[in-house]
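Per chain, numbering begins at 1; letters A, B, ... match sequence-line order.
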Amino acid sequence: MFSRVETLKKRADFLRAARARHTATPGFVLQMRQRTDTAGPVRIGFTCSKKVGNAVARNRAKRRLRALAREVLAEHGRPGCDYVLIGRLEKTATLPFDRMLEDLHAALRKLHGTSA
RNA sequence: GCGGAAGGUCGGAUGACCGCUGCGCCGGGGCGACCCGGCGGGGAGGAAAGUCCGGACUCCGGAAAUCAACGGUGCCGGGUAACGCCCGGGCGAGGUAACUCGACGGAAAGCGCCACAGAAAUGAAACCACCGCGCCCCGGCGCGGCAAGGGUGAAACGGUGGGGUAAGAGCCCACCGCGCCGGUGGCAACACCGGCGGCAUGGCAAGCCCCACCGGGAGCAAUGCCAAAUAGGGACCGCGCGUCGCAAGACAGGGCCGUUUUCGCCCGAGCAGGUCCGGGUUGGCAGCUAGAGCCCCCCUGGCAACAGCGGGGCAAGAGGAAUGGUCAUCGAACCGGCAGCAGUGCCGGGGAACAGAAUCCGGCUUACAGACCUUCCGCGCAC
RNA sequence: CGGAGCGUGGCGCAGCCUGGUAGCGCACCUGUUUUGGGUACAGGGGGUCGGAGGUUCGAAUCCUCUCGCUCCGA
């Protein structure tokens with residue numbers, strides 16, 4: 001791991017990422033924003049609205065998204081980028097983990113390819 | 001065996017790999033705050049929920065008593081830090097029973113309301129009917145008596161039976177109900193017994209209210225500190241220019257919870273006291289987890305809730321918010337098939353309810369697939 | 001996390017405190033007026049009062065529980 005991974009905490013950062021590039025898969029929505037400091041750390045945020053369910057369902061969805069990000073974005077994340085993973089109703093908690101890993105790789109290829 | 005009642009416990013399990021977090025230790029780096037790595041042992045619930053009550057704690061302007069307003073509680077006694085909670089008792093209701101349920105003070109302190117229907121909805125009164133007398137066209141009318149019967153309504157001024165009467169009526173009597181007085185038992189709610197009154201007193205207090213008791217307000221996003229940044233601002237309010245003294249200070253005087261009183265504190269010639277606006281910061285640390293703590297056992301007191309002594313055990317502290325992710329095995333409910341009179345057994349599928357700590361405790365309420373334990377009641381059968 | 005408030009026809013609101021009739025505006029339907037439409041006038045339909053339980057003879061209204069939504073506080 002050559003770049004540190006930080007957690008996104010500010011509401012303003014989430015709003016900026018929401019206006020940037022995004023792509024959707026059955027299990028989640030991925031947003032990506034290239035910051036001005038291109039050598040900075042990779043930053044990741046997680047969002048689950050009340051639409052996902054009650055507190056138990058929201059926490060479980062966020063934990064699965066965090067596990068996905070730890071496996072993929074730590075190595076394939078681009079420095080100086082903010083990523084936001086958004087949970088979806090039912091699917092985020094129930095889809096097979098391998099399928100979501102593939103989807104995340106595909107989503108990263110799509111966003112990196114178009115923004116390069 | 002079937003059906004039921006009460007109380008309690010648990011609420012998926014095991015393993016592997018990869019992670020998060022705070023605590024302790026070790027090593028390294030840094031002047032330091034701290035950062036990195038390794039190891040060890042912790043890491044969601046019975047409701048963590050709803051936020052419906054009661055506290056602890058903190059601030060508001062310090063405390064006690066009192067009155068008023070407002071809010072709450074409401075049979076009696078006890079338990080508790082406290083409670084609207086718990087335990088025991090009383091009364092009422094339901095059930096064959098075990099047992100369960102009850103916002104369960106006062107309607108002769110006062111005000112208000114009781115739609116429609118009905119003669120009349122609480123001062124009493126009288127539509128039909130009943131009875132007596134009078135009159136006539138023999139069916140009614142007039143006067144008087146009466147309130148038992150009819151009809152209306154959720155509710156009609158005690159109920160049943162007998163006597164009585166022109167017809168009736170607590171008009172009289174017995175029993176029941178109600179009220180009052182006395183006695184006995186009980187701390188009390190209340191119960192029982194005796195006597196008296198002839199009955200006056202409809203319902204609603206989850207309408208106002210009366211009585212008794214309780215409560216100052218706001219809340220951990222409280223509050224305190226540090227750093228950074230902006231400003232060194234503006235407006236208003238409070239009291240004021242007293243006496244003695246060289247001064248410190250003291251005394252007048254003033255201020256401090258809605259009222260009053262007592263004490264206490266503050267000001268007392270600038271105090272730089274308070275409030276608001278404007279501007280800045282949306283960082284860090286503390287509060288922050290050991291306290292009326294929970295559980296188990298023995299003993300003592302108590303019917304019990306509970307209290308006391310002793311012993312043992314357990315106790316997460318996050319902060320865009322950790323307590324997990326993936327895989328494998330085992331697996332309850334449920335579904336299907338086969339066997340059996342049945343309890344059930346075997347095979348296959350299936351893959352776990354409600355739900356996530358946010359300052360902390362004591363309760364209540366609500367949600368919940370199922371599994372297990374103890375005690376008790378009724379019925380049936382056998383002895 | 002803590003604290004306030006609101007749920008009534010399709011939409012926006014009264015009525016609730018002080019219990020017996022659910023009302024107003026826009027919208028909708030029908031008719032008249034017009035060559036037709038709009039406008040105007042007349043008439044009409046449509047509401048489990050968020051849900052459950054209780055108090056009462058009777059609940060949109062009073063009480064308790066519950067569901068959903070909105071706002072405020074460092």
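Using a 90° window around 0 for the glycosidic torsion, B:rU282 falls outside it and is classed as anti. Regarding the sugar-base torsion, C:rA27 falls in the anti class, its angle being beyond 90° of 0. In this structure B:rA371 sits in the anti conformation; its chi angle is more than 90° from 0. In this structure, B:rG123 shows a glycosidic angle within 90 degrees of zero, which is the syn conformation. B:rG46 takes the syn form, because its glycosidic angle lies no more than 90° either side of 0.
One C1' atom belongs to B:rG79, the other to B:rG301, and the distance between them is 14 Å to the nearest Å. Remark: the separation of the C1' atoms in B:rC256 and B:rC60 is 13 Å, to the nearest Å. Rounded to the nearest Å, the gap between the C1' atom of B:rC335 and that of B:rA16 is 33 Å. Here the separation of B:rU275 from B:rC295, taken at their P atoms, is 47 Å to the nearest Å. Distance noted for atom C1' between B:rA154 and B:rC204: 12 Å (whole Å). Look at the C1' atom in both B:rA103 and C:rC62: the space between them is 13 Å, to the nearest Å. Spacing between B:rG164 and B:rC172 at atom P, rounded to whole Å, works out to 16 Å. Between the C1' atoms of B:rA148 and B:rC171, the separation comes to 13 Å (whole Å).
A:I44 is connected to A:M100 through a chain of hydrophobic side-chain contacts under 4.5 Å among Ile, Leu, Val, Met, Phe, Trp and Tyr, so both are in one cluster. A:V52 and A:L85 are not part of a single hydrophobic cluster, where members link through side-chain heavy atoms under 4.5 Å apart.
Atom CG of A:L68 and atom C1' of B:rG324 are 14 Å apart (whole Å). The separation between A:R58 atom CZ and B:rA48 atom P is 20 Å, rounded to whole Å. Rounded to whole Å, the distance from CG on A:L65 to C1' on B:rG324 is 13 Å. Note: CZ (A:F46) to P (B:rA322) measures 11 Å, nearest angstrom. We find that CD1 of A:I86 is positioned 14 Å from C1' of B:rG320, with the value rounded to whole Å. The CG atom of A:L85 sits 18 Å away from the P atom of B:rG320 (whole-angstrom rounding). Straight-line distance from the CZ atom of A:F97 to the C1' atom of B:rC17: 13 Å, rounded to whole Å. B:rU326 atom C1' lies 10 Å from atom CZ of A:R60, rounded to whole Å.
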Name every donor-acceptor pair, under 3.5 Å, that has one atom in a side chain of residues 53-63 of chain A and the other anywhere in the protein, sequence neighbours excluded.
residue: A:N54; atom: OD1; partner: A:V56; partner atom: N; Å: 3.4
residue: A:N54; atom: OD1; partner: A:A57; partner atom: N; Å: 3.1
residue: A:R58; atom: NH1; partner: A:G53; partner atom: O; Å: 3.0

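The phosphate of B:rC20 has neither OP1 nor OP2 within less than 4.0 Å of any side-chain N or O from A:R70.
The side chain of A:F14 approaches B:rG320 more closely than any other nucleotide in the set B:rG325, B:rG320, B:rG19. Here the nucleotide nearest the side chain of A:N59, chosen from B:rG356, B:rG320, B:rA321, is B:rG356.
Helical stems in RNA chain C, defined as runs of 3 or more consecutive Watson-Crick or G-U wobble pairs with donor-acceptor distances under 3.5 Å: C:1-7 with C:67-73, C:10-13 with C:23-26, C:28-32 with C:40-44, C:50-54 with C:62-66.
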Start with the C-alpha gap between A:L108 and A:L30, add the side-chain angles, then the distance that decides, and say whether side-chain contact (heavy atoms from CB on, under 4.5 Å) holds. CA-CA 8 Å; A:L108 279 178; A:L30 177 67; 4.1 Å; yes

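The partner of B:rA307 is B:rU300, judged by Watson-Crick or G-U wobble contacts that both fall below 3.5 Å. Base-pair partner of B:rG182: B:rC193 (Watson-Crick or G-U wobble, both distances under 3.5 Å).
Here A:R66 lies in heavy-atom contact (under 4.0 Å) with sugar-phosphate atoms only. If you check every strand for non-hydrogen atoms under 4.0 Å, A:R63 touches a base. A:N54 comes within 4.0 angstrom of sugar-phosphate atoms only, judged by non-hydrogen atoms across all strands, and of no base.
When every heavy atom of A:R78 is checked against every heavy atom of A:Y83, the shortest pair comes out as N-OH, 3.0 Å. Nearest heavy-atom pair, A:L111 versus A:R21, reported as atom, atom and distance to 0.1 Å: CD2-CB, 3.8 Å. Residue A:A20 comes nearest to A:R33 through the heavy atom pair CB-CB, 3.8 Å, listed as atom of the first residue, atom of the second, then distance. In terms of heavy atoms, A:A67 sits closest to A:F97 at CB-CZ, 4.0 Å. Counting all heavy atoms, side chain and backbone alike, A:V29 lies closest to A:A24 at CG2-CB, 4.2 Å.
Looking at which nucleotide of RNA chain B each of A:T47 and A:V56 is closest to, the 5′-most match is held by A:T47. Each of A:A55 and A:A67 was matched to the nucleotide of RNA chain B holding its nearest heavy atom; the match closer to the 5' end belongs to A:A67.
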